[in-house]
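Here is the structure we will look at.
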Amino acid sequence: MHLYRTHKCGELRKSDIGKSVKLSGWVHRKRDHGGVLFIDLRDTSGLTQLVAQGNADLEKIRPESVITIEGDVVARADGTTNAKMPTGDVEVVVKSVTVQSHADVIPFQVAEDDGAGEDVRLKYRYLDLRREGMHSRVRLRNNVIAAMRRRMWDEGFQEFNTPILTASSPEGARDYLVPSRLHPGKFYALPQAPQQFKQLLMMSGFDRYFQIAPCFRDEDGRADRLAEFYQLDVEMSFVQQEDVFDVMTKVVKGIFEEFADFTGTKHRVEFLPNMSYAYAMLTYGSDKPDLRNPLKITDVTEIFNGHDVTFNAFKNYIAKGGVVRAIHVPQAAKQPRSFFDKVNSWAQSEGAPGLGYIAFETEEGKGPIAKFVGAESQKKLRDTMKMQDGDVVFFVCESEAKASAMAGKARTRIAQDLDIIEKGVYKLCWIVDFPMYEMDEKTGKVDFSHNPFSMPQGGLDALMNKDPLTILATQYDCVCNGYELASGGIRNHKPEIMEKAFALAGYSKDVLEKKFGGMLNAFRYGAPPHGGCAFGVDRIVMLLADEPNLREVYAFVMNGQYEDPMMNAPSDITEAQLKDLHLKLNLPKKVEAA
RNA sequence: GCGGGUGUAGUUCAGUUGGUUAGAACGCUUCCCUGUCACGGAAGAGGUCGCGGGUUCGAGUCCCGUCACUCGCGCCA
């Protein structure tokens with residue numbers, strides 16, 4: 001007989017009755033009745049009920065200790081079966097016990113969710129991972145990654161590794177840096193993404209690349225952001241945007257469908273038609289719209305400029321270049337006054353003066369600003385937005401960028417208040433035609449708005465002849481339920497276009513050569529047209545697990561301050577290590593004093 | 001760097017207007033219990049009320065500072 005087990009704890013069934021078995025696992029729960037003792041024994045496959053009589057070792061043992069038992073599988077008596085357990089028709093009568101490992105008193109409960117806080121869970125992560133929720137989410141993650149690999153290979157992609165110790169990249173997030181011992185004063189950087197390497201693989205002729213790539217960014221955390229995270233990184237040669245969409249829509253839709261019932265409720269998966277960035281910003285006030293939210297935004301600047309509108313707060317702002325955006329909320333006129341007050345005070349907490357509205361209970365609008373809008377303009381509002389009796393419209397007046405953002409936030413907030421966000425569905429969509437450049441509001445300087453390596457639509461001609469702020473990039477995102485799942489683009493593989501593209505953003509040829517010389521050189525030796533994208537693995541798992549926090553879908557993870565309380569990272573290093581690396585610390589005064 | 005929230009037993013939390021010995025549930029220890037499956041019952045241990053200072057006859061409670069965690073803003077091509 002095997003030293004530890006003949007079966008796993010989730011395996012035994014009626015058909016095993018009469019067998020002598022050996023099981024190993026953790027003591028999940030104990031129910032001691034004096035003469036008879038029940039123990040639920042747990043391993044990763046499930047639970048089996050053990051029955052023991054007069055066994056002093058088992059009576060004393062604490063939960064979460066590890067034991068091996070030998071015993072006989074017997075049928076449970078009528079009325080004592082447990083339909084909630086897959087093994088609930090049988091139990092194992094214990095003949096002998098070996099205690100493999102005694103557990104101390106545990107800092108929080110494993111057998112049930114006692115609501116323990118995140119800091120203590122992270123400190124004892126191995127205990128946390130034994131709990132049902134974390135255990136199943138980590139398995140989900142593993143299964144999703146396996147499915148990604150399988151589906152990508154099936155589509156003709158090959159998986160590559162790219163360097164972890166690489167060069168610091170000039171723009172973007174802060175790099176995590178690694179000092180070089182052999183090269184005093186020089187540093188490696190951990191990759192923010194393998195962007196240049198995957199493009200270089202295209203120039204190496206490999207055609208279809210993917211990697212479950214670790215990425216590192218030294219910026220402050222959020223619930224959905226970590227210092228290290230994984231992307232399904234993809235690049236393809238000889239493709240246009242639609243080729244990337246075709247293959248990745250298939251892969252990602254397939255993955256969502258494969259795991260859509262993880263939470264226990266089956267979710268539908270809908271991949272909606274592509275949407276332009278401009279349309280998304282106008283209609284949803286976001287470049288990652290939650291398309292489960294039925295509310296839409298309309299520009300009504302012209303209507304508020306009408307001769308019968310006397311709302312001067314808006315009119316004056318429009319004269320200075322402001323815009324008015326309207327959020328149409330069907331059948332909200334019957335909402336109690338408190339609803340409108342709540343929306344208004346929320347808007348004020350966001351820094352807006354308030355959120356004006358008109359409620360069309362009948363043809364004649366009511367509400368704080370209705371009396372400033374004449375009958376003709378009210379009718380225009382109703383016609384423009386196809387409003388019905390009982391509908392409400394909220395207004396935001398701001399500069400274009402701020403109005404979009406505020407209307408977008410209000411759209412989300414109002415839909416949440418009214419609980420009209422559709423449930424049980426993943427709504428995915430490609431957002432296309434991102435602008436190539438944007439104006440930095442602080443410096444007034446034109447800069448890249450996304451990836452500087454994407455091909456400008458219209459190529460060199462557009463760069464030479466168009467207002468940079470009107471040039472579109474071949475740059476796209478994939479969004480799902482309000483999250484940005486992926487970002488990508490068709491790359492610029494022509495050095496002369498790249499020089500001009502960087503020049504428009506104020507980067508000289510020297511800078512370009514210095515920062516991206518390696519890749520630029522590669523472009524000069526025969527570069528295939530290519531493009532790709534990168535999907536956030538963790539975001540996908542979060543959505544499938546219905547968890548708002550990224551830390552719930554990782555086995556080992558740092559806290560919000562990017563510290564690991566279990567491994568005690570980051571940590572001090574010795575003087576000798578510093579010396580090896582040719583480093584001297586220059587600490588802020590606060591830290592030094594402590 | 002900035003703002004909101006939280007901080008009381010191992011864990012999750014309650015604690016009134018500042019007033020006697022700071023409570024509950026779960027967990028833990030000891031004992032009882034032969035059919036439970038969140039078993040049940042009895043007894044018990046366990047507290048620097050995050051830390052420091054202040055106001056007060058008296059502070060878990062009020063004030064100031066500070067630290068930790070958390071959510072968000074900035075930041076994240």
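In what follows, chains are A, B, ... by sequence order, proteins preceding strands, each numbered from 1.
Contact between the side-chain N/O atoms of A:R31 and the OP1/OP2 oxygens of B:C39 is found at a separation under 4.0 Å. OP1 and OP2 of B:U36 both lie 4.0 Å or more from every side-chain N or O belonging to A:K30. Checking the phosphate oxygens (OP1, OP2) of B:A68, no side-chain nitrogen or oxygen of A:Q561 falls inside 4.0 Å. Within the 4.0 Å cut-off from OP1 or OP2 of B:C69, at least one side-chain nitrogen or oxygen of A:N559 is found. Phosphate contact (OP1/OP2 of B:U29, side-chain N/O of A:R62, threshold under 4.0 Å): present. In this model, the phosphate group of B:A77 is approached by a side-chain N or O of A:R217 to a distance below 4.0 Å at OP1 or OP2. A:R29 has a side-chain polar atom (N or O) that falls below the 4.0 Å cut-off from OP1 or OP2 of B:C39. Side-chain nitrogen and oxygen atoms of A:R222 include none within less than 4.0 Å of the OP1 or OP2 phosphate oxygen of B:C75.
Contact annotation for A:G88: no contact, since no heavy-atom pair falls under 4.0 Å across all strands. Across all strands shown, A:Q475 has no heavy atoms under 4.0 Å from either base or sugar-phosphate atoms. Among the atoms of the strands shown, none is found under 4.0 Å from any heavy atom of A:R121. Heavy atoms of A:N549 sit under 4.0 angstrom from primed sugar atoms or phosphate atoms, though from no base atom. Using a 4.0 Å heavy-atom cutoff across all strands shown, A:T81 reaches at least one base atom of the nucleic acid. Base engagement by A:Q49 is indicated by at least one non-hydrogen atom pair under 4.0 Å involving a base atom. A:S449 comes within contact range of the sugar-phosphate backbone alone, with a heavy-atom separation under 4.0 Å but no base atom that close.
Of the residues near RNA chain B, A:K60 and A:G35, the one whose nearest nucleotide (by heavy atom distance) lies more toward the 5' end is A:K60. Ranked by how close their nearest RNA chain B nucleotide is to the 5' end, A:A223 and A:K84 are led by A:K84.
In the model, A:T81 has no side-chain atom that pairs as donor or acceptor with a side-chain atom of A:D89 under 3.5 Å. Residues A:S404 and A:R325 bring a donor and an acceptor atom of their side chains to less than 3.5 Å of each other. Checked by atom type, the side-chain pair A:Q211/A:T162 shows a donor-acceptor distance below 3.5 Å. A donor-acceptor contact closer than 3.5 angstrom is absent between the side chains of A:Y284 and A:D290.
Here the closest heavy-atom approach between residue A:K30 and residue A:E59 is recorded as NZ-O, 2.8 Å.
Stacking annotation: A:H33 is stacked on the base of B:C39 (ring centroids less than 5.5 angstrom apart, interplanar angle below 30 degrees). Both thresholds, 5.5 Å between centres and 30° between ring planes, are not jointly met by A:F108 relative to the base of B:U11, so the two rings are not stacked.
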Problem - Audit row: A:L355, A:V396, side chain to side chain contact (heavy atoms under 4.5 Å, CB included) steps and yes/no - result: CA-CA 6 Å; A:L355 207 59; A:V396 174; 3.6 Å; yes

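Look at B:U66: its Watson-Crick or wobble partner, with both distances under 3.5 angstrom, is B:G50. Across all strands shown, B:C28 is found opposite B:G44 as a Watson-Crick or G-U wobble partner, with both distances under 3.5 Å.
Residue A:D220 places a side-chain atom within donor-acceptor reach of the base of B:G74, judged by atom type and a 3.5 Å distance cut-off alone. Looking at A:N82, its side chain comes within 3.5 Å of the base of B:C37 through a donor and an acceptor atom. The base of B:C75 sits within donor-acceptor range of the side chain of A:R225, with an N or O pair under 3.5 Å. Evaluation of atom-type donor-acceptor distances gives no pair under 3.5 Å for the side chain of A:Q109 against the base of B:G10.
Of the candidate nucleotides B:C37, B:C75, B:G27, B:G27 has the atom nearest to the side chain of A:V105. Across B:C69, B:A77, B:U36, the shortest atom-to-atom separation from the side chain of A:D119 is found for B:C69.
Comparing B:C75 with B:G19, their P atoms sit 47 Å apart, to the nearest whole Å. Here the separation of B:G27 from B:U55, taken at their C1' atoms, is 40 Å to the nearest Å. Comparing B:A77 with B:G3, their C1' atoms are spaced 27 Å from each other, to the whole Å. Remark: the separation of the C1' atoms in B:U17 and B:G60 is 15 Å, to the nearest Å.
What separates CD1 of A:I106 from P of B:C26 is a distance of 16 Å, to the nearest Å.
A:K445 forms a cation-pi arrangement with A:Y507, by the criterion of a distance under 6.0 Å to the ring centre and an angle within 45° of the ring axis.
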